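Scroll down for the structure; my scribbles are underneath it.
All figures in this text were calculated on a predicted structure; none of them were measured in a lab.
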Amino acid sequence: HFWPCTWHALISSSIRKDSMAYMAACQQALVHRALLGAGVDLRNPSLAARSQPASALQHSLGHTFQFSCGNACPRRRGQALIALAAKAAPPREDTSQQQRNIQWFPGHIANAEKALKEQLVNVDVVLEVRDARIPLSTRHHQLSGWVGNKPHLVLMNRRDQVSAADQAVWTAHFRAEGQQVFWTSGKDGDGVRQVKKAAEEAGKSVNEKRARRGLLPRALKAAVVGFPNVGKSALINRLLGRAVAPSAPRPGVTRQLKWSRLGDSLDLLDTPGVLPMSLQSQTVAQRLAVCNDIGEASYITSLVAAAMMESLMLLPSADEIAEAFVKRYNLDPRGMTGESYVDELASVIYGYGEGERAGQRLLKDFRQGHLGFFALERPLSK
């Protein structure tokens, strides 16, 4: 209710030509603007979100008074508002895990999931593509039920974006689980030949059964499935040796199921990215956002970048990663919360209040490998 009152004071003082009242109303409007910029909820000044530290806020508001009113303006009212702002702005705490819930489930995914289930009945082999940076977060927990007893190969795509140590840890984990995995890169085609050979080997029993029934062999049918933007279409193009499936570094490019023939031995089904209607946790959602595996409209960039910073500093290679940040930005993340790092980086590069731009810069640099190559998660301890 502050703004209507301020607006009324401005109009009425202007009509009355009361210069002192008009200056006081201007002063109040500027103070309210500064409070809003600091994140103070003016409807309830006892609440504050993403507030500055009290000392910084007092300095900012004091400067506002001096700039707008000069020394001639009475300051009692202003000092009272500053004191109120200081009470409403406690020292900032890490809230990266308390951000707005991330949820992304565009309409085409529900239709794609229904069509995929219908096609899985007719396929011989399922190739599940995951993001090598987040192997657990890009696992669809319903897929095993859809696949049934069909051969199921797991492809860890973007192997070029994780370290050899990460690959060794995850390979050992999946071997212990009895799951065969293949490390691939849709960017340069690494590991694609092994996938083709493994798919043909896994589906060999199909034509053996046909031969026993006196039927001629046929091409094996393999469905390539996975979360959005994990590189399914890029892998299919590598397998085929030509650009057949549309591919771009953003989620939601593929919208329809499409069959393509690889020689005479293999038919590949390119599918839209599918993910559960409800994600397992907000940690999973944050990691999907960091790796650009869900739509940007579903999250706040600065908060996701802060969550990424928190996760990176918990990894075994945290010190090595921190040095990469120091080299890139001349700013050490050790000893800082995720949000404080994003804010400090914003003030260094772009200026105070540019947290979103700093968040975009951090995510872009991570996705493009400028901060190093590493997985964001490790196998869960038993």
Main chain of [Y], side chain of [X]: is a donor-acceptor contact present, judged purely on distance under 3.5 Å?
{"X": "T337", "Y": "S340", "answer": "yes"}
{"X": "D190", "Y": "S185", "answer": "no"}
{"X": "D267", "Y": "L220", "answer": "no"}
{"X": "Q119", "Y": "A223", "answer": "no"}
{"X": "R130", "Y": "P135", "answer": "yes"}
{"X": "Y352", "Y": "A346", "answer": "no"}
{"X": "E377", "Y": "L136", "answer": "yes"}
{"X": "T138", "Y": "D131", "answer": "yes"}
{"X": "D332", "Y": "A322", "answer": "no"}
{"X": "S298", "Y": "I294", "answer": "no"}

Within the structure provided, determine whether [X] and [Y] are in side-chain contact (heavy-atom separation under 4.5 Å).
{"X": "R378", "Y": "D166", "answer": "yes"}
{"X": "T171", "Y": "R175", "answer": "yes"}
{"X": "L120", "Y": "V126", "answer": "yes"}
{"X": "V224", "Y": "L235", "answer": "no"}
{"X": "L312", "Y": "L376", "answer": "yes"}

Identify the heavy atoms of [X] and [Y] that sit nearest to each other, and give their distance.
{"X": "S137", "Y": "F227", "answer": "O-CE2, 3.6 Å"}
{"X": "I134", "Y": "R287", "answer": "CD1-O, 3.7 Å"}
{"X": "Q286", "Y": "A307", "answer": "OE1-CB, 3.4 Å"}
{"X": "V304", "Y": "Y299", "answer": "CG2-CD1, 3.5 Å"}
{"X": "H152", "Y": "Q179", "answer": "O-NE2, 3.2 Å"}
{"X": "K187", "Y": "D160", "answer": "CD-OD2, 3.7 Å"}

inquiry  = Can you confirm if the aromatic rings of F373 and F366 lie within a centre distance of less than 6.0 Å?
reply    = no
task = Evaluate the criterion side-chain contact (heavy atoms from CB on, under 4.5 Å) for residue pair W183 and V162; output intermediate values, then yes/no.
result = CA-CA 10 Å; W183 294 87; V162 298; 4.2 Å; yes
With rounding to the nearest 0.5 angstrom, report the [atom1] to [atom2] distance, [X] to [Y].
{"X": "L269", "Y": "L257", "atom1": "CG", "atom2": "CG", "result": "4.5 Å"}
{"X": "R158", "Y": "R133", "atom1": "CZ", "atom2": "CZ", "result": "5.0 Å"}
{"X": "L345", "Y": "S302", "atom1": "CG", "atom2": "OG", "result": "12.0 Å"}
{"X": "M308", "Y": "Y341", "atom1": "CE", "atom2": "OH", "result": "9.0 Å"}
{"X": "L362", "Y": "F325", "atom1": "CG", "atom2": "CZ", "result": "6.0 Å"}
{"X": "T184", "Y": "L239", "atom1": "OG1", "atom2": "CG", "result": "9.0 Å"}

query = Tell me, which pairs form a salt bridge (charged side-chain N to carboxylate O under 4.0 Å, His left out) where one or both residues lie in residues 207-229, sequence neighbours left out?
reply =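 Found D124-R218.
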task = With D365 as reference, evaluate R367, Q368, R361 under the side chain to side chain donor-acceptor pair (under 3.5 Å) test and give the passing residue.
result = R361
Starting from [Y], can I reach [X] by hopping between I/L/V/M/F/W/Y residues whose side chains sit under 4.5 Å apart?
{"X": "V169", "Y": "L155", "answer": "no"}
{"X": "V326", "Y": "L315", "answer": "no"}
{"X": "V195", "Y": "L240", "answer": "yes"}
{"X": "L371", "Y": "M309", "answer": "yes"}

query = Hey, mind stepping through V225 and L127 against side-chain contact (heavy atoms from CB on, under 4.5 Å) and telling me if it holds?
reply = CA-CA 6 Å; V225 303; L127 307 179; over 6 Å; no
request  = Using only heavy-atom distances, determine whether the side chains of D270 and S233 contain a donor-acceptor pair under 3.5 Å.
outcome  =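 Their side chains do contain a donor-acceptor pair, which is all the 3.5 Å distance test asks for.
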query = Using a distance-only test with no angle check, is there a side-chain donor-acceptor pair under 3.5 angstrom linking Q360 and T301?
reply =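 Their side chains do not contain a donor-acceptor pair, so the 3.5 Å distance test is not met.
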request  = Let me see the working for E356 and I300 under side-chain contact (heavy atoms from CB on, under 4.5 Å), right down to the final yes or no.
outcome  = CA-CA 8 Å; E356 288 304 299; I300 299 173; 3.3 Å; yes
request  = Step by step, work out the ring pair (Phe, Tyr, Trp, His ring centres under 6.0 Å) result for F182 and F174.
outcome  = CA-CA 10 Å; F182 297 86; F174 284 112; over 10 Å; no
request  = Quick one: which residue pairs count as a side chain to side chain donor-acceptor pair (under 3.5 Å) with a foot in residues 191-202, not counting sequence neighbours?
outcome  = K196-E200, E200-S265, E201-K204
task = Go through the steps to decide whether E128 and L153 satisfy the test side-chain contact (heavy atoms from CB on, under 4.5 Å), and finish with yes or no.
result = CA-CA 6 Å; E128 180 191 359; L153 306 181; over 6 Å; no
query = Under the salt bridge (Lys or Arg N to Asp or Glu O under 4.0 Å) criterion, do K117 and E113 qualify, and how do the steps go?
reply = CA-CA 6 Å; K117 290 179 182 178; E113 181 179 304; 3.4 Å; yes
request  = Give a yes or no on this: more than 12 heavy atoms of other residues, nucleotides or ligands lie within 6.0 Å of atom CG of N330.
outcome  =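 It does not: N330 CG has 12 such atoms or fewer within range.
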